[in-house]
Amino acid sequence: QEWQNPFATWDPRDFCNISEIVLPMDTYWSPPIFIMERVNGQNPELNYMVLMHNGSFNSTRPYQVTLTCSLIILKFPFDTQTCNLSIASFLYPVTELVMKTRRTPAENMKDSQSFFLTDGEWKFTNLSIIEFTEMVDDKGFSVVTYVISMERRPTLYILNLILPTCALYLLDMAVLFGPSSLEEKINFQIAIILGSSMLAVILNNSLPTSSNKPPIIGT
């Protein structure tokens, strides 16, 4: 966070050329912010800010939070999800406090890619920023929303679920139309049913829980 305070200025030549100092957060006013989608998290322990001689404040506070996000898993495991991270300050209306982003979406995208895990289940694809005014009780509040797009890596699900399921059904068709006797076909069918049941149990544990339409692979 960066903001200006015209009442907190001094001439460095009058104070041993000191041009900046580090102060606790409660020394001066600082903009209170809230993450709207936050459901859990850890508050930052770095409660300090840097004050420059020209009245410019700078505060870097790392947050580790868990956000709520609506998932659309119809195309699982080939799905792409979009989650929002909205930062707002509902103590001051937009006539008193306006939040702006210092960096462009491309710059934020580059920094985010350097921090994001590269070998996990999800692939970070895009980051966009929306600045708007949220109306609450006839008052407008400044909100900055980061729209995060992520794509699931389907390789694990293809190897563990899709390929074995296709192999079982191909084997089922081969046995059904093969020259084997009826007794052998029944034994093969029972074995295939047992295998399909095991795959269904694995699939049930792998599918993400959601209240919207079930994924096509589950159907």
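In this chain, residues are counted from 1 in sequence order.
- Within 6.0 Å of CZ in Arg38 there are more than 12 heavy atoms belonging to other residues, nucleotides or ligands.
- Using bins of under 30°, 30° to 60° and over 60° for the plane-to-plane angle, the ring pair His53/Trp10 lands in the perpendicular bin.
- Of all the heavy atoms in Met99 and Ser89, the pair that sits closest is CE-N, 4.2 Å.
- In this structure, CZ on Phe124 lies 6.5 Å from CD1 on Ile148, to the nearest 0.5 angstrom.
- For the residue pair Phe141 and Tyr92, the shortest heavy atom distance occurs at CD2-O, 3.3 Å.
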**Report entry** Test log, rule side-chain contact (heavy atoms from CB on, under 4.5 Å), inputs Asn126 and Met109
**Finding:** CA-CA 7 Å; Asn126 190 32; Met109 177 80 176; 4.3 Å; yes

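- The environment of CZ in Phe90 is crowded: more than 12 heavy-atom neighbours from other residues, nucleotides or ligands sit within 6.0 Å.
- Looking only at side-chain heavy atoms (C-beta outward), Arg153 and Trp122 stay at 4.5 Å or farther from each other.
- Taking hydrophobic clusters as Ile, Leu, Val, Met, Phe, Trp and Tyr residues chained together by side-chain heavy-atom distances below 4.5 Å, Tyr63 shares a cluster with Leu67.
- To the nearest 0.5 Å, atoms OG (Ser56) and CG (Leu51) are separated by 8.0 Å.
- Between the side chains of Ser30 and Gln1, no donor-acceptor pair is found at a separation under 3.5 Å.
- For the atom pair Ile21 CD1 and Thr27 OG1, the distance stands at 8.5 Å (nearest 0.5 Å).
- For the residue pair Gln81 and Asp79, a side-chain donor N or O sits within less than 3.5 Å of a side-chain acceptor on the partner.
- By the 4.5 Å heavy-atom criterion applied to side chains, Thr82 and Val147 are counted as neighbours.
- The two residues Thr125 and Met150 make their nearest non-hydrogen contact at OG1-N, 3.7 Å.
- By the 30° and 60° cut-offs, the orientation of the rings of Phe57 relative to Trp3 is parallel.
- Side-chain contact between Val50 and Glu20 is present, with at least one heavy-atom pair separated by less than 4.5 Å.
- With rounding to the nearest 0.5 angstrom, the SG atom of Cys166 is 9.5 Å from the CG atom of Leu168.
- Counting non-hydrogen atoms of neighbouring residues, nucleotides and ligands closer than 6.0 angstrom, the CD atom of Gln64 reaches no more than 12 such neighbours.
- For the side chain to side chain contact (heavy atoms under 4.5 Å, CB included) criterion with Glu131, the lone passing option out of Thr145, Thr101, Val98 is Thr101.
- From Lys100, atom NZ reaches atom CD1 of Ile129 across 12.0 Å, with rounding to the nearest 0.5 Å.
- Side-chain contact check for Thr155 versus Ile158: every heavy-atom pair is 4.5 Å or farther apart.
- Hydrophobic cluster membership is shared by Ile35 and Ile33, with clusters built from Ile, Leu, Val, Met, Phe, Trp and Tyr side chains linked at under 4.5 angstrom.
- Taking a 6.0 Å sphere around CZ of Phe132, one finds it holds more than 12 heavy atoms contributed by other residues, nucleotides or ligands.
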Report task. Decide yes or no on side-chain contact (heavy atoms from CB on, under 4.5 Å) for Asp11 and Asp14, but give the supporting numbers first. Result -> CA-CA 6 Å; Asp11 190 350; Asp14 297 335; 3.5 Å; yes

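- With respect to the salt-bridge test (charged N to carboxylate O, under 4.0 angstrom), the residues Lys139 and Asp137 do not qualify.
- For the pair Thr133/Val143, no side-chain contact is recorded, criterion being any heavy-atom separation below 4.5 Å from C-beta on.
- More than 12 heavy atoms of other residues, nucleotides or ligands sit less than 6.0 Å from atom CE of Met135.
- In the hydrophobic cluster analysis, where Ile, Leu, Val, Met, Phe, Trp and Tyr join through side-chain heavy atoms closer than 4.5 angstrom, Phe76 is grouped together with Ile162.
- With contacts defined as side-chain heavy-atom distances shorter than 4.5 Å, the pair Tyr157/Phe78 does not qualify.
- Hydrophobic clustering keeps Ile193 apart from Leu171 (ILVMFWY residues linked when any side-chain heavy atoms are closer than 4.5 Å, directly or through intermediates).
- Of all heavy-atom pairs between Gln4 and Asn54, the closest is NE2-O, 3.5 Å.
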Report task. Evaluate the criterion side-chain contact (heavy atoms from CB on, under 4.5 Å) for residue pair Asn108 and Thr104; output intermediate values, then yes/no. Result -> CA-CA 6 Å; Asn108 279 310; Thr104 63; over 6 Å; no

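- In this structure the side chain of Met49 reaches within 4.5 angstrom of the side chain of Tyr28, judged on heavy atoms.
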Query - Test log, rule side-chain contact (heavy atoms from CB on, under 4.5 Å), inputs Val136 and Glu134 - result: CA-CA 6 Å; Val136 178; Glu134 180 80 14; 4.0 Å; yes

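- From Leu127, atom CG reaches atom CG of Asp111 across 10.0 Å, with rounding to the nearest 0.5 Å.
- Asn84 approaches Glu37 most closely through the heavy-atom pair O-CD, 3.4 Å.
- No side-chain heavy atom of Ile87 sits under 4.5 Å from any side-chain heavy atom of Phe34.
- Closest heavy-atom contact between Pro154 and Pro77: CB-O, 3.4 Å.
- Grouping the Ile, Leu, Val, Met, Phe, Trp and Tyr side chains by contacts below 4.5 angstrom, directly or via other members, places Leu97 with Leu91.
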